[in-house]
Amino acid sequence: MKKLWNFHFIYLILLNTLSSIGFYMTMPTLPSFAVEIGATLSMAGVLSGLFSLTALFIRPVAGMATDRWNKKRLLIIATLLISASTLGYSRSTSFAMLVALRILHGTAFAFSSTSNMALTTLYIPKERMGEGVGYMGIAQILAMACGPGLGLRLANSIGHRQMFLVSTAIIFSAALLMLLVRYDRAQLEPESAPQRKFSIQSFIAPELLLCALMSSLFSMSNGIISSFMPLMAAERGITGADLFFTISSVVVLLVRPFAGKLLDRKGMVFVLIPAYAVGAISAVMIGTARALWILLAAAVLKSVAQSSGQPAVQAACVSRVSVLRRGVALSTCYLGNDIGQGLGTMLGGSLSESFGYTNMFCITGGIMLMGIVFLMIDRTLWRRRQSKTAAPA
């Protein structure tokens, strides 16, 4: 298959956008709903953290299951469970019930995101994997742009419980529409073999741990900037800082497809070295900014780095393994993203409290540059591994 824009690739991107809109509708509204039914602000914060923590621990299992089971069936079941947990929110009367549903939601999300990515990559020509992964990310960007605002507007106009019902209907519709995806495992996964015994490689790809670490740097930087840039701007009296995120979204949409094509033609090193360098510069610019235009210029650079670097690592993870191990490869990469996002906010809080915003963002820039070192180590180890594989017995 040489054609990227085939029916199933387009169809799965549209379904991912639809289900993600329903998913993101609940993100900004669930904490306020928890407070509405009697939870404290700190308890509401636990709900958000619990989701990420659950997904983090479940991802290795999700990767293993994606490789061993029917990807289409797994994606449909996971999406149905997400819709069931969202429906449960609308019937919740206690914080304990919300906690149980949030754990179910996080578990289903880990399976859904991993199986969806693995399934969609089966319809992408290997020589255009970078471009295809780049376009897949646009679905998430569009959903993040539409979902939270739609959820807040509905919650304010018809109430939280009714908003959850609308979200449930959207996600459930996406699950039903997934039935139309043609999934011929023998044709799409010709390397399929009898099930192997369980081992550490069934749950994680050790050869991709450096890739996961490289991806985590982008997530860490994004977490720090998203959490602390608005606080820094308010402290310095920079008005209009919310435009930072608008500019970021627009640039990501524009850059992702071109970055993917560049990756396919020139390779990971050609894309990642500038991405880490530009990401570091943007972090330093944010930390030293005293005017809005500097923040907006940094938003452009940050988005160029993020939208080119992270998809490049994901595409490399997919391309380096056989079709049989794409699920565990993606879950390993996602583990890096999850850990980076979580550690980023904790590290940023500690550094900003101890050294101030300027030094915190400059240190973040320095950490981003470490990605170039990790990249060089990864390339050396990967070439050594390839030479051993190619060597005659």
Side-chain angles (χ1 to χ4, degrees), residues 13-37 39 41 44-45 47-49 51-52 55 79 82-83 85-90 92 98 101-102 105-106 108-109 112-113 116 135-175 177 219 222-223 225-231 233-234 238-256 292 295-296 299-300 302-303 306-307 337 341 345:
I13 287 180
L14 292 175
L15 290 186
N16 186 26
T17 304
L18 182 64
S19 61
S20 296
I21 287 174
F23 169 76
Y24 283 112
M25 286 171 63
T26 67
M27 297 297 282
T29 53
L30 191 61
S32 58
F33 176 68
V35 172
E36 185 179 286
I37 64 173
L41 288 175
L47 281 178
S48 299
F51 177 88
S52 300
T79 307
I82 292 176
S83 68
S85 62
T86 309
L87 177 63
Y89 294 149
S90 70
S92 295
L98 285 180
L101 289 166
R102 201 61 173 155
H105 199 165
F109 175 77
S112 172
S113 55
N116 178 71
Y135 280 116
M136 287 173 65
I138 291 178
Q140 292 295 315
I141 298 166
L142 292 174
M144 290 177 67
C146 302
L150 177 60
L152 287 170
R153 282 193 294 272
L154 288 175
N156 291 332
S157 60
I158 62 177
H160 285 90
R161 296 185 187 277
Q162 288 71 27
M163 184 277 301
F164 289 134
L165 290 176
V166 174
S167 173
T168 299
I170 293 173
I171 299 170
F172 185 74
S173 298
L177 290 170
S219 295
N222 187 57
I225 291 171
S226 299
S227 299
F228 297 100
M229 185 281 295
L231 297 175
I238 303 175
T239 57
D242 55 307
L243 286 173
F244 181 97
F245 299 104
T246 304
I247 295 293
S248 294
S249 299
V250 172
V251 173
V252 168
L253 283 171
L254 294 175
V255 170
R256 258 186 180 263
L292 178 62
L295 280 182
L296 298 184
V300 173
K302 176 253 184 191
S303 299
Q306 187 93 20
S307 59
N337 296 349
Q341 186 79 20
T345 53

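In this chain, numbering begins with 1 at the start of the sequence shown.
Checked by atom type and distance alone, the side chain of Ser92 pairs as donor or acceptor with a backbone atom of Gly88 at under 3.5 Å.
Taking the side chain as every heavy atom from C-beta outward, Ser307 and Arg256 approach each other to under 4.5 Å. Contact annotation: the side chain of Leu154 never approaches that of Gln162 to less than 4.5 Å [non-hydrogen atoms, C-beta and beyond].
For residues 152-161, the pairs satisfying side-chain hydrogen bond (donor to acceptor under 3.5 Å, both in side chains) are Ser32-His160, Glu36-His160, with sequence neighbours left out. Pairs passing the side-chain hydrogen bond (donor to acceptor under 3.5 Å, both in side chains) check and including a residue from residues 20-30, sequence neighbours excluded, read Asn16-Ser20, Ser20-Gln140, Tyr24-Gln140.
If you take CG on Leu101 and CG on Leu30, they are separated by 9.0 Å, rounding to the nearest 0.5 Å. For the atom pair OG (Ser90) and CG (Leu165), the distance works out to 4.0 Å, reported to the nearest 0.5 Å. Here the CD1 atom belonging to Ile158 is positioned 8.0 Å from the CE atom belonging to Met163, to the nearest 0.5 angstrom. Considering CZ of Phe109 and OG of Ser19, their distance stands at 9.5 Å, rounded to 0.5 Å.
For Ile170, the side-chain contact (heavy atoms from CB on, under 4.5 Å) test picks out Leu18, Met25, Val166, with sequence neighbours left out. For Ser112, the side-chain contact (heavy atoms from CB on, under 4.5 Å) test picks out Leu75, Ala78, Thr79, Ile82, with sequence neighbours left out. In this structure Ala34 satisfies the side-chain contact (heavy atoms from CB on, under 4.5 Å) test together with Ala39, Ala44, Leu47, Leu98, sequence neighbours excluded. The side chain to side chain donor-acceptor pair (under 3.5 Å) test applied to Asn337 returns Ser215, Gln310, not counting sequence neighbours. For Thr17, there are no side chain to side chain donor-acceptor pair (under 3.5 Å) partners at least two apart in sequence or on another chain. Among residues two or more places apart in sequence or in another chain, the side-chain contact (heavy atoms from CB on, under 4.5 Å) test is passed with Leu253 by Ile138, Ile141, Leu142. In terms of the side chain to side chain donor-acceptor pair (under 3.5 Å) criterion, Ser83 has no residue partners (sequence neighbours excluded). Considering only residues two or more places apart in sequence or on other chains, Thr168 meets the side chain to side chain donor-acceptor pair (under 3.5 Å) condition with none of them. Partners of Tyr89 by ring pair (Phe, Tyr, Trp, His ring centres under 6.0 Å), not counting sequence neighbours, listed by chain and number: His105, Phe164.
Counting non-hydrogen atoms of other residues, nucleotides and ligands closer than 6.0 Å to CZ of Phe33 gives a total above 12.
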Test log, rule side-chain contact (heavy atoms from CB on, under 4.5 Å), inputs Phe244 and Leu292:
CA-CA 9 Å; Phe244 181 97; Leu292 178 62; over 6 Å; no

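Counting all heavy atoms, side chain and backbone alike, Ala241 lies closest to Ala233 at CB-CB, 3.6 Å.
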